[in-house]
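To start, the structure itself, in structure tokens.
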Amino acid sequence: MSTTTEPSTRTATGPGLSTGTLIAGLLAVCLAQIGLAIPATLNGLFQSDLHPVGSQLTWISDAFLLPVAVLELTFGLLGDLFGRKRLLVGGAALLAVGEVVSATSSGIHQLWTGQALAGLGAAALFPTSLAILAAGTTSPAQRARVIALWAALLSAGGFIAPLLGGVTATYGSWRWSFVVVAVVAVASVAVSALFAVNSSASEGRSLDIAGQLTIGLGLFALLYAIIQGPTDGWASPTIVIAFVLAAVFLGAFVLAEKHAKSPLLRLDLFGNRAFAVASVVAVVGMFAFLGTAYSVSIRLGPVQDQAPMRTALAFVLLNGMTLVMLPLTERLLRTVAPGLLLGAGLLLIAVGDYWAATLPITDTAFTSLVLPLGLVGLGFAITVSSITATAVNTVPTHLAGMASATTNLLRDFGFTLGPAIIGAVALSRAAGSFSASLHDSALPQALKGAGTAVLEEGGPLAVNGASAASPKLADLHPLAMEALGHGYSIGFVVCGSAALFSALLALIALRGHKASPS
């Protein structure tokens, strides 16, 4: 690995890691996570202002997440080849442009476009920020400290975003949330350009065009099918074709990587049991976490129509624990076996999810959410750091860029699956439940017909919103709210079960693996 350092800027953080690089990397990952998390806080406002129907609300979050999941491996390689500082600067600049496009949106399609552009920028920032920090570390203990800081700033972005969304939406407009993120992105560009020390790892690596195309097309087809399935119908030709294309392209990716001289992803990395388990847990465990966050945002926003600040406080519980626990997390990474640490964190997420599933949708008291969401947040604080440390610490230093990019891709693929799968499951269940309740009710036939028409046009969220706003449809509101409550309770159960599966996998498969020595 070729790294350049400036002795005058070295600090106690490590002889190979300058203060400027540390600040630039941490600001970049915080910015990327703010951009990722900001739409979830604003789902209720999007619903009332832009009137999305069907899966359109889910696509607002996934328009950002999709390029992140699809392109992180590619950007990890580009950083290794051409220098990570360039990607920190370029990624933040692209994220700024995307947020400006989002802030000026006149409709749902422009908002999608802006979020997709911002997601491209974040796809560069997530792996590059971790790789540029890991490249400057010189010992396992130092790397554990830096990874804990990186995970803490990742989580900080997760709770800064909803606070930002809550404040701007309360005292201005949801558009100002995107403006503020754009300003932070410009600041990140300046800090990285002026103070970050470049690093790269180009020896023996080159662009893997076949790998980039097949993984990109495969993941896009898979996520498209999952997101659009409830709207188009799981047996519809487009969805079936999308699943088939996903299988074909992902299979082609494996073949391409086996024969590539310089693979985008070295498949032999998965021969390491700790790395392989961390990879599975990154997908399934992070799906559980962001699926939980998405369920909470829909419960408080479009369903219960609570103030954006309520959603913001819920996200503080989910994400704020990572910063609070930073000193303890750093010590745990060095002293506790990876399997035990991962398993404990995921078990806490599972317990919190199962608890949240028992809360009735008519319960609007925020205090009811404090303990279950606090458990999920505590579990996430432990899990996100230990996943990253387990994966990155099991590969040679010259593969830190590839390992961090792979870990980030899998984590954010799990993040992308969260809204997609939970949205699909919850809305499908809610639609069926509302139809059955409407059919069995004693409401006038004309009102039943109106409710069915709104359901077919926009789904259960549209029925809930329309019945809350129109006195003529008011009698439909309890049915719609109860149906959505049932649907998203199932969503919490799915997330809890995914976390429980990941916990058992980590506890069993990583038994006997030791923590990194201090």
Side-chain angles (χ1 to χ4, degrees), residues 1-2 62 65-84 86-87 90-91 94 116 119-132 134-135 199-226 241-272 275-276 278-280 282-283 286 388 391-392 394-417:
M1 176 183 299
S2 61
D62 277 331
L65 285 162
L66 187 58
V68 171
V70 167
L71 294 172
E72 275 190 303
L73 272 179
T74 300
F75 280 119
L77 172 61
L78 291 175
D80 287 349
L81 288 176
F82 303 114
R84 292 154 185 153
R86 289 190 181 96
L87 284 190
L94 187 56
L120 281 172
L125 295 179
F126 278 123
T128 306
S129 60
L130 180 57
I132 202 170
S199 67
S200 62
S202 58
E203 294 87 349
R205 305 208 66 192
S206 61
L207 290 174
D208 176 14
I209 302 299
Q212 290 156 3
L213 287 176
T214 50
I215 188 68
L217 292 172
L219 290 178
F220 178 82
L222 177 61
L223 292 169
Y224 176 86
I226 292 172
I241 291 172
F243 276 122
V244 171
L245 288 175
V248 170
F249 281 120
L250 292 176
F253 171 72
V254 173
L255 292 176
E257 298 310 278
K258 284 184 175 181
H259 297 94
K261 292 182 179 179
S262 178
L264 186 66
L265 172 61
R266 280 180 50 170
L267 298 178
D268 60 332
L269 287 175
F270 294 96
N272 181 299
F275 185 88
S279 298
V280 174
V283 175
M286 294 304 97
T388 306
V392 174
T394 56
V395 302
T397 302
H398 71 279
L399 293 178
M402 180 182 290
S404 64
T406 303
T407 304
N408 277 281
L409 178 146
L410 293 170
R411 187 197 67 236
D412 290 321
F413 181 63
F415 279 168
T416 309
L417 290 176

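Here the closest non-hydrogen pair linking Leu87 and Ala124 is O-CB, 4.1 Å. Across every non-hydrogen atom of Pro67 and Ala116, the tightest pair is CG-O, 3.6 Å. Heavy atoms only, all atoms of each residue included: Val68 and Ala123 are closest at CA-CB, 3.7 Å.
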Would you mind writing out the side-chain donor-acceptor pairs for residues 213-226 within the sub-3.5 Å range, not counting sequence neighbours?
| from | atom 1 | to | atom 2 | distance (Å) |
| --- | --- | --- | --- | --- |
| Thr214 | OG1 | Ala210 | O | 2.7 |
| Thr214 | OG1 | Gly211 | O | 3.2 |

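Here Val248 pairs with Val244 under the side-chain contact (heavy atoms from CB on, under 4.5 Å) rule; sequence neighbours left out.
Checking Arg84 against Thr128 by side-chain atom types alone, no donor-acceptor pair falls below 3.5 Å.
For the atom pair Leu245 CG and Leu250 CG, the distance stands at 10.5 Å (nearest 0.5 Å).
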